[in-house]
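Throughout, a chain's letter reflects where its sequence line sits, starting with A, and its residues are numbered from 1. Quantities reported herein were computed from a predicted structural model and do not represent experimental measurements.
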Protein chains: 2
Amino acid sequence: MNKYRNIGLKLTPQRLAILGYLEGNKEHPSAEEIFRAVSEKYPTMSFATVYNTLAALSKKGNILELTIDPDKRRYDPNTENHNHLICISCKKIVDICLDYKVVVPESLGYDFEITGNHIEFYGICPACKQQKAV
Amino acid sequence: MNKYRNIGLKLTPQRLAILGYLEGNKEHPSAEEIFRAVSEKYPTMSFATVYNTLAALSKKGNILELTIDPDKRRYDPNTENHNHLICISCKKIVDICLDYKVVVPESLGYDFEITGNHIEFYGICPACKQQKAV
DNA sequence: GTACGTGCAAAGGTTTTGCATTACA
DNA sequence: TGTAATGCAAAACCTTTGCACGTAC
């Protein structure tokens, strides 16, 4: 947790609880799931604090906001370059930690200053596949 | 428009208006933009009809629902395999019509049945770049 | 001590729903 | 004619905001 000491944010107990819940978390939880988990230890926790903290961490580059789930934002503590695979049925998300080296050719003439990219894979997870087969 | 005759949906004037507005549209409009545009000819048009139609068309595979903009869903009449570049400042979206041939290696062991993928590029468009330079 | 964070509740924006009416096929 | 779509309003849902109070630094 000490690594967060110099990110320019006040380390309140609430924030440490959120950081602790996210650290190493591979579930790509939503704000609501984070709220529920952290509320157990901090019953006074509010959504405003969760969103405030997530926005601050995201702005500082300490976590990622994923838009891969159309229903709600998901959060990812892994800020390394990586991609995702989502089950279109149950919305489970798994990491695809590969660097695909995709680029936008300048020949397309868009003249954008490219700042990043993200590959979303869609599919059906084993559990949902089995359910459908029944 | 005749190409929509056999998609298994009733072709009401409202739906034809939505299809007409989307056809060839490269703006990746939101439901609200579609509603505003189509309302000019059909003042009684309701949001329910817009969403209903977009969901039906999306389900039939005639349009794509994009989740690249965190603020709202965007719709794309181009159902060919292609990717997108979004300006993180003004949310303008442009097409990247290239096939990148990215795949999820089976060696990762996820056992998902992959149904598709989508690459999102992030950047700053020329107009926003210039504004920031001021 | 002060700037920043918290918590509550209310508001905002997008999308969905229920239901009576209408119209395509 | 019968099934499906429309339109309206209300509701549901996720996220943001205003503001008084509290706390990390």
When you check the phosphate oxygens OP1 and OP2 of [N], does a side-chain N or O of [X] lie under 4.0 Å from one of them?
{"X": "B/Arg15", "N": "D/dA5", "result": "yes"}
{"X": "B/Thr49", "N": "D/dG7", "result": "yes"}
{"X": "B/Arg74", "N": "C/dT14", "result": "no"}
{"X": "A/Asn52", "N": "D/dT16", "result": "no"}
{"X": "B/Gln14", "N": "C/dA23", "result": "no"}
{"X": "A/Arg73", "N": "C/dT14", "result": "no"}

To the nearest angstrom, how far is [X] atom [atom1] from [N] atom [atom2]?
{"X": "B/Leu11", "N": "C/dA25", "atom1": "CG", "atom2": "P", "value": "5 Å"}
{"X": "B/Glu32", "N": "C/dG12", "atom1": "CD", "atom2": "P", "value": "16 Å"}
{"X": "B/Phe47", "N": "D/dC13", "atom1": "CZ", "atom2": "P", "value": "20 Å"}
{"X": "A/Glu65", "N": "D/dT15", "atom1": "CD", "atom2": "P", "value": "9 Å"}
{"X": "B/Lys41", "N": "D/dT6", "atom1": "NZ", "atom2": "C1'", "value": "19 Å"}
{"X": "B/Met45", "N": "C/dT22", "atom1": "CE", "atom2": "C1'", "value": "14 Å"}
{"X": "A/Asp69", "N": "C/dT15", "atom1": "CG", "atom2": "C1'", "value": "14 Å"}
{"X": "A/Arg36", "N": "D/dC14", "atom1": "CZ", "atom2": "P", "value": "11 Å"}

inquiry  = Please report whether the ring centroid of A/Phe121 lies less than 6.0 Å from that of A/Tyr100.
reply    = yes
message = Taking the six-membered ring for Trp, are B/His118 and B/His82 closer than 6.0 Å centroid to centroid?
response = no
ask   = Where the side chain of B/Lys72 is concerned, which of D/dC8, C/dA25, C/dT14 is the nearest nucleotide?
value = C/dT14
query = Closest to the B/Tyr51 side chain: D/dG7, C/dT14, D/dT6?
reply = C/dT14
request  = Starting from the 5' end of DNA chain C, give me the residue, A/Ser46 or B/Pro13, whose nearest nucleotide shows up first.
outcome  = A/Ser46
A/Thr53 vs B/Asp71, nearer the 5' end of DNA chain C by closest nucleotide = A/Thr53
query = Sub-3.5 Å donor-acceptor pair from the side chain of A/Lys129 to the main-chain atoms of B/Asp111, do we have one?
reply = yes
message = Using the salt bridge (Lys or Arg N to Asp or Glu O under 4.0 Å) definition, which of the options A/Glu33, A/Glu32, A/Glu40 pairs with A/Arg36?
response = A/Glu32
inquiry  = Counting only heavy atoms not in A/Glu27 (residues, nucleotides, ligands), do more than 12 fall under 6.0 Å from its CD?
reply    = no
Distance-only donor-acceptor test, B/Lys10 side-chain atoms vs C/dA23 base atoms, 3.5 Å = no
